2 protein chains.
Amino acid sequence: MNDIKDFFAASGCKMTKQRKAILEILMDSRTCLSAEEIFIKAKNINPNICLTTVYRTIELLASYRMLNKIDIGDNKYRYEINSNTHYHHIICMGCKKMFKVQGCPVPDFESSIRAQTKFKIIGHRLEVYGYCPECQGTV
Amino acid sequence: MNDIKDFFAASGCKMTKQRKAILEILMDSRTCLSAEEIFIKAKNINPNICLTTVYRTIELLASYRMLNKIDIGDNKYRYEINSNTHYHHIICMGCKKMFKVQGCPVPDFESSIRAQTKFKIIGHRLEVYGYCPECQGTV
DNA sequence: CTCTATCTGCAAATTGTTTGCATTTACATT
DNA sequence: AATGTAAATGCAAACAATTTGCAGATAGAG
């Protein structure tokens with residue numbers, strides 16, 4: 001909660017009711033949320049918030065690297081707080097549930113990329129797909 | 001070219017002018033293409049093709065695992081032929097150009113994922129972000 | 001308390017993608 | 001080669017996610 005106040009103070013952006021609500025929702029959520037889902041939750045806190053504000057706040061938070069934007073291939077993005085612990089998601093192709101997995105193999109790969117491309121590497125995105133234990137029988 | 005005929009024969013789908021054009025375009029393209037870009041190229045071959053057909057053909061080809069669907073975070077997908085060689089992309093955050101990089105660190109990671117989640121792993125998506133040599137100075 | 005830049009809500013515009021339906025076409029069969 | 005039919009196409013319209021323009025509201029510095 002003080003995190004939230006601190007973030008806005010540090011960023012120089014105004015801490016409005018709407019922004020506070022959205023950031024709270026994202027911080028409290030164990031799963032990642034679509035803009036629509038954030039909007040619905042935010043309405044419980046502040047009934048006349050609008051979707052536009054959700055999108056604008058997402059963009060704001062993302063510009064401060066507070067959020068990760070996640071794509072699972074269904075034409076809409078989902079968002080989650082960019083915690084400092086690094087992890088990736090595994091997504092069930094049956095029921096579409098996502099789970100975090102700890103660890104990351106990418107750093108070991110980066111020197112190879114640098115050698116191949118001379119890029120300055122900033123980050124990466126990795127998602128793994130498969131079937132969760134419950135869906136393995138049914139598909 | 002015979003690849004194309006063979007693919008349609010094997011799949012049992014009809015080989016129409018439109019589908020042939022789209023598959024040719026994807027096979028000849030060194031970069032991945034959005035639906036719109038495929039559509040524009042396809043018009044040069046068959047002027048009265050429509051976007052709907054492009055989308056439907058993309059979906060068809062993807063269902064036969066002929067295509068990879070790529071998301072670079074700008075609200076639209078891009079597609080490329082799923083060659084049997086496995087690689088990933090590095091994307092320049094400056095000029096948005098993409099390059100292939102050979103190799104993949106994910107298989108080494110899979111046993112850890114299996115241990116954590118009991119998932120049956122089918123595939124993965126990995127993109128690396130950074131700045132290309134030309135953009136490193138300018139940003 | 002006041003002032004002003006910043007932020008919000010609303011409605012409408014955009015953009016990417018999908019769907020319904022009448023017409024056309026590929027191609028198996030004669 | 002001609003025919004019949006399921007499958008594919010084009011068009012227009014529907015959808016869904018996201019973005020934009022603008023007038024009014026608000027946070028927070030002074």
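Numbers restart at 1 for each chain; the letters A, B, ... are given by sequence-line order, proteins then strands. The figures that follow rest on heavy atoms only: side chains count, while hydrogens, waters and symmetry mates do not. Keep in mind the model is a prediction, meaning the values are calculated, not measured.
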Atom pair distance, as rounded to whole Å: [atom1] in [X] and [atom2] in [N]:
X      : N       : atom1 : atom2 : result
F39(B) : dT9(D)  : CZ    : C1'   : 13 Å
I45(B) : dT9(D)  : CD1   : P     : 14 Å
L60(B) : dT9(D)  : CG    : C1'   : 13 Å
K5(A)  : dA27(D) : NZ    : C1'   : 13 Å
Y55(B) : dT9(D)  : OH    : P     : 16 Å

ring-ring contact (aromatic ring centres under 6.0 Å, His included), paired with F119(B), selected from Y129(A), Y131(A), F99(A): F99(A)
Side chain proximity check, Q116(A) to V101(B), heavy atoms < 4.5 angstrom: yes
side-chain N/O T52(B) vs dG10(D) OP1/OP2, d < 4.0 Å: no
DNA chain D-proximal residues of residues 67-78 of chain A, any heavy atom under 4.0 Å: N75(A), K76(A), Y77(A)
Give a yes or no answer on whether the side chain of [X] reaches the backbone of [Y] with a donor-acceptor pair at less than 3.5 Å.
X       : Y       : result
R65(A)  : N82(A)  : no
E110(B) : V128(A) : no
H89(B)  : M98(B)  : no
S34(A)  : E37(A)  : yes
H88(A)  : L126(A) : yes
S29(B)  : I25(B)  : no

Y77(B) six-ring centre to K69(B) NZ/CZ under 6.0 Å and within 45° of normal: yes
Interface limits on DNA chain C, where chain B has a heavy atom under 4.0 Å of a nucleotide atom: dG16(C) to dC27(C)
Side-chain donor-acceptor distances from residues 39-52 of chain A under 3.5 Å, at least two apart:
none

Listed pairs, N/O of protein and of nucleotides 28-30 of chain D, under 3.5 Å:
unit_1	atom_1	unit_2	atom_2	d
dG28(D)	OP1	M15(A)	N	2.9

Bend angle of the helix from dC1(C)-dG30(D) to dT30(C)-dA1(D), from helix axes over five pairs at each end, nearest 10°: 30°
Atom pairs, protein N/O to nucleotides 22-25 of chain D N/O, distance under 3.5 Å:
none

Salt bridge (charged side-chain N to carboxylate O under 4.0 Å, His left out) assessment of D71(B) paired with R78(B): CA-CA 6 Å; D71(B) 169 70; R78(B) 287 170 180 74; over 6 Å; no
Nearest heavy atoms of S11(B) and C13(B), plus distance in Å: OG-N, 3.0 Å
